[in-house]
Amino acid sequence: MQIAVTIDDLAFVAADAVARPVNAELRAMTPVMRRLEQAAGEGLLRQLHIHEPLDVGSAVVTPAGAVHAGLMIHAVVSTETERVSRDGVRRATTSALQRAHDFGVAHLAMAPFGLGAGNLDVEDAAQTMVAAIRAQAESRKAPEGVTIIVENDLELEAFRGAVARFWSER
């Protein structure tokens with residue numbers, strides 16, 4: 001598996017699928033993820049209705065709507081009773097990668113999971129996600145490539161640092 005980190009907008013990245021963190025009702029948790037929902041359009045929002053809240057670590061796959069990717073993977077990182085945690089981010093990242101594998105996704109673009117007000121700091125989120133991606137790379141062939149799409153230089157430095165640490169240990 002190849003892994004990369006870049007500053008970009010998840011709505012415009014060329015990938016087979018995009019993965020984003022959501023709450024138990026499959027709703028965006030940050031302004032960046034709300035912009036992704038808006039870019040995907042009303043078709044995506046109509047597909048996000050669920051009968052019951054999902055557990056942390058669940059992941060749901062839908063068409064990506066008007067976003068460039070073909071699929072969107074929604075990974076639950078918090079619920080009413082379980083706040084964002086390193087373990088929740090690890091489980092959500094693992095589930096998103098498993099769904100990508102199940103759907104034959106070759107290239108997955110992922111937003112950072114667990115960031116936002118009152119959630120993990122960027123170093124914790126980066127280390128947790130990259131460790132989960134590494135574990136996936138050791139056990140499954142797909143996806144062949146993962147690009148973590150960050151929003152700013154602080155996130156870029158943290159995620160690239162985590163990749164350098166975890167990938168050099170392989």
For Arg34, look at atom CZ and say whether over 12 heavy atoms of other residues, nucleotides or ligands are found less than 6.0 Å away.
yes
Co-membership, hydrophobic cluster, residues [X] and [Y], 4.5 Å side-chain:
X	Y	answer
Val18	Ile148	no
Phe166	Met1	yes
Leu156	Met129	yes
Val5	Val146	yes
Val84	Val130	yes

Search all heavy atoms of [X] against all heavy atoms of [Y] and return the closest pair with its distance.
X	Y	result
Gln47	Pro63	OE1-CD, 2.8 Å
Leu97	Ala132	CD1-O, 4.0 Å
Ala96	Ala59	N-CB, 4.0 Å
Val56	Thr79	CG2-CG2, 3.6 Å

What residues, two or more places apart in sequence or in another chain, satisfy side chain to side chain contact (heavy atoms under 4.5 Å, CB included) together with Val122?
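Only Leu115, Leu154, Glu155, Ala158, Phe159 meet the side chain to side chain contact (heavy atoms under 4.5 Å, CB included) criterion with Val122.
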Residues in side chain to side chain contact (heavy atoms under 4.5 Å, CB included) contact with Pro53, at least two apart in sequence or another chain
Ala24, Glu25
Determine all donor-acceptor pairs shorter than 3.5 Å in which one atom belongs to a side chain in residues 100-114; sequence neighbours excluded.
residue, atom, partner, partner atom, Å
His101, ND1, Arg140, NH1, 3.3
His107, ND1, Ala14, O, 3.3
His107, NE2, Thr147, OG1, 2.8

Suppose the criterion is salt bridge (charged side-chain N to carboxylate O under 4.0 Å, His left out): which pairs have a residue in [range], not counting sequence neighbours?
range	value
residues 46-70	none
residues 89-98	Glu82-Arg91, Asp87-Arg90, Asp87-Arg91
residues 56-74	none

Can you name the salt bridge (charged side-chain N to carboxylate O under 4.0 Å, His left out) partners of Asp16, sequence neighbours left out?
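So Asp16 forms no salt bridge (charged side-chain N to carboxylate O under 4.0 Å, His left out) with any residue.
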Partners passing salt bridge (charged side-chain N to carboxylate O under 4.0 Å, His left out) against Arg86 (at least two apart in sequence or in another chain)
Asp124
Quick check on side chain to side chain contact (heavy atoms under 4.5 Å, CB included): which of Asn119, Leu120, Thr94 does Val89 satisfy it with?
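Filter result, single survivor: Leu120.
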As an exercise, state the distance from [atom1] of [X] to [atom2] of [Y], rounded to the nearest 0.5 Å.
X	Y	atom1	atom2	result
Met33	Leu10	CE	CG	5.5 Å
Asn152	Ile7	CG	CD1	6.5 Å
Met29	Arg27	CE	CZ	13.5 Å
Asp8	Glu151	CG	CD	11.5 Å

Apply side chain to side chain donor-acceptor pair (under 3.5 Å) to Thr62 and list each qualifying residue two or more places apart in sequence or on a separate chain.
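Listed in chain order: His74.
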Side chain to side chain donor-acceptor pair (under 3.5 Å) involving His68 - partner list, sequence neighbours excluded:
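His68: no side chain to side chain donor-acceptor pair (under 3.5 Å) contacts found.
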Distance-only check: which donor-acceptor pairs under 3.5 Å involve side-chain atoms of residues 36-45, not counting sequence neighbours?
residue, atom, partner, partner atom, Å
Glu37, OE2, Arg20, NH1, 3.0
Glu37, OE2, Arg20, NH2, 3.1
Glu37, OE2, Ala28, N, 3.1

Tell me, do Glu157 and Asp153 make a side-chain contact under 4.5 Å, heavy atoms counted?
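With C-beta onward as the side chain, the pair stays apart.
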Evaluate the criterion side-chain contact (heavy atoms from CB on, under 4.5 Å) for residue pair Thr6 and Ile149; output intermediate values, then yes/no.
CA-CA 5 Å; Thr6 189; Ile149 307 297; 3.6 Å; yes
